[in-house]
Amino acid sequence: MSEPLRIALIGAGIMGRQHCQHLEGLAEARLCAVADPGPQAAAFAVECGMPYFADHRRMLAEARPQAAIVANPNNLHVSAALDCIAAGVPVLLEKPVGVHLDEVRELVAASAHAGVPVLVGHHRRHNPLIARARELVRSGSLGRLTTVTALWQLQKPDSYFDIPWRREPGAGMLLTNLIHDLDLLRHLCGEVSEVQAVTSNGVRGFANEDSAAVLLRFANGALGTLTGSDAVAAPWSWELDSGENPVYPRQADQPCYLLAGTRGALSIPQLRRWHYAEPGAGWHQPLLQSLESFQPGEALRLQLQHFVKVARGEVAPLVDAVDAGNTLALIEAIREAAETGRACSPHVISAP
Ligand SMILES: NC(=O)c1ccc[n+]([C@@H]2O[C@H](COP(=O)([O-])OP(=O)(O)OC[C@H]3O[C@@H](n4cnc5c(N)ncnc54)[C@H](O)[C@@H]3O)[C@@H](O)[C@H]2O)c1
């Protein structure tokens with residue numbers, strides 16, 4: 001068995017600390033340094049018994065990690081990841097991969113040129129529940145996928161927005177939250193070719209949106225809707241429904257995604273499947289239900305285990321910067337659609 005991979009943390013806020021908790025339980029990797037200029041970061045590094053650096057560039061030069069987790073504010077993702085790549089250090093980069101596509105193109109080029117991999121933290125794809133749902137859709141058990149209904153409706157406490165970057169452009173519900181749902185919709189249902197959208201900041205009044213309604217046209221012909229708000233006392237979201245993260249009290253009976261096809265339908269996260277005994281029997285016949293099974297697993301832990309293999313060059317990233325860039329392209333298309341009132345297509349990016 002090889003030595004545990006030495007992983008540094010850049011950005012020791014809420015998400016960075018969650019990664020550290022999962023790292024503690026892994027035999028194949030260990031934390032080796034913390035870099036974060038924030039007021040609480042030095043104390044956190046002491047708590048973990050780790051060398052502390054205010055500046056991640058100094059950390060890269062002095063601690064010489066074998067890999068790094070970047071969990072700083074969204075608009076610093078690409079610059080920190082570029083510094084890691086320049087130091088030859090593979091990166092687990094939190095989502096969103098960046099805040100605009102031009103910088104992501106730069107990241108994609110740098111990663112390819114240096115041969116240093118970037119895994120983007122769309123961790124929900126690592127959830128075995130999602131893997132099973134994808135298998136069901138891909139196997140054709142729903143027939144031709146026709147309609148997709150996605151919900152992300154919950155209430156963040158007002159105190160969440162005490163941290164200034166969360167109220168500013170570069171954060172916001174689209175980039176911070178719906179990006180997860182859009183990533184999963186791409187993963188489960190295929191690429192989106194066109195969107196229409198309306199957004200609002202009417203409840204919170206910040207510089208970024210608190211609510212959005214999006215129409216989606218998938219390249220395979222399916223049509224979808226995604227409605228989101230971080231300001232509603234409602235139970236429909238991956239966070240509340242999936243039980244993936246115990247900090248959110250669970251609403252286990254509520255779905256957040258409903259996929260319907262010509263031969264069947266699926267609710268997620270329940271993995272409840274509907275179909276007729278005779279395909280095409282129609283509404284006078286009983287619609288049969290079954291619960292699909294899967295082996296549960298912790299997505300963040302599975303993502304870290306995958307990252308160790310990526311950093312060691314054993315596997316390609318499940319979500320690389322190109323892939324995550326194409327989810328960001330959807331966010332940009334949604335913004336453009338909301339601003340212009342027109343249907344917009346994402347400006348997809350590809351590997352160099
Ligand atoms: N995958 C998920 O489900 C998930 C969940 C929450 C947040 N996130 C992502 O994680 C990132 C962090 O979010 P958060 O909620 O933990 O935010 P946070 O504000 O709690 O933490 C951000 C940390 O970055 C630090 N920081 C600021 N400038 C820095 C710099 N130049 N170098 C290093 N560190 C710096 C801050 O001091 C702070 O400690 C965001 O990109 C967010 O989108 C992902």
Side-chain angles (χ1 to χ4, degrees), residues 8-22 33-45 47-48 50 52-60 63 65 68-84 91-99 103-104 107 118-127 130 152 154 156-157 159-184 208 230 237-240 242-248 298-304 306-307 318-319 324 327-328 331:
L9 177 65
I10 299 176
I14 292 178
M15 196 60 217
R17 290 175 195 218
Q18 271 192 59
H19 285 302
C20 288
Q21 274 169 11
H22 286 280
V34 172
D36 183 324
Q40 276 118 36
F44 174 71
E47 222 175 87
C48 301
M50 287 297 134
Y52 166 74
F53 300 84
D55 178 6
H56 68 267
R57 288 177 214 85
R58 242 191 85 200
M59 181 278 289
L60 289 168
I69 297 170
V70 173
N72 54 9
N74 297 349
N75 58 1
L76 301 175
H77 283 186
V78 169
S79 58
L82 287 173
D83 291 334
C84 292
V91 193
L92 167 51
L93 177 58
E94 261 310 332
K95 46 50 63 176
V97 55
V99 292
E103 63 171 3
V104 176
L107 177 65
V118 175
L119 170 69
V120 181
H122 284 294
H123 68 273
R124 296 175 192 180
R125 286 205 204 180
H126 298 264
N127 192 315
I130 291 299
W152 189 82
L154 53 61
K156 291 188 178 177
S159 59
Y160 172 90
F161 297 96
D162 289 347
I163 297 176
W165 74 268
R166 293 177 175 167
R167 305 193 295 264
E168 288 158 11
M173 184 195 58
L174 283 168
L175 262 183
T176 305
N177 304 106
L178 293 199
I179 197 157
H180 277 302
D181 301 283
L182 290 163
D183 182 69
L184 281 191
N208 53 47
D230 65 28
S237 61
W238 174 264
E239 282 84 341
L240 298 194
S242 71
E244 190 179 80
N245 187 338
V247 302
Y248 307 115
E298 280 189 272
L300 281 171
R301 178 185 163 91
L302 291 167
Q303 178 178 256
L304 272 178
H306 173 68
F307 179 50
L318 177 64
V319 189
T327 300
L328 181 65
I331 298 281

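Order of appearance sets the numbers: ligands from 1, and atoms from 1 within every ligand. Numbering of residues begins at 1 and proceeds along the displayed sequence. Only this structure's heavy atoms are used, side chains among them; waters, hydrogens and symmetry mates stay out.
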* Would a 4.5 Å heavy-atom cut-off, applied to side chains only, mark Cys20 and Leu9 as touching? -> yes
* Asked: Are the side chain of His56 and the backbone N or O of Asp36 linked by a donor-acceptor pair below 3.5 Å?
  -> no
* Asked: Quick one: does His77's side chain have a donor or acceptor within less than 3.5 Å of a partner on Glu94's backbone?
  -> yes
* Side chains of Glu168 and Asn75: does their closest heavy-atom pair fall under 4.5 Å? -> no
* Neighbour list for ligand 1 [protein residues, heavy atom under 4.0 Å] -> Ile10, Gly11, Ala12, Gly13, Ile14, Met15, Ala35, Asp36, Pro37, Gly38, Ala71, Asn72, Pro73, Asn74, Leu76, His77, Glu94, Lys95, Pro96, Gly121, His123, Trp165, Arg166, His180
* Partner residues of Phe161 under the ring-ring contact (aromatic ring centres under 6.0 Å, His included) criterion, sequence neighbours left out -> Phe206
* Asked: Can you tell if the side chain of Pro65 reaches within under 4.5 Å of the side chain of Leu60, non-hydrogen atoms only?
  -> yes
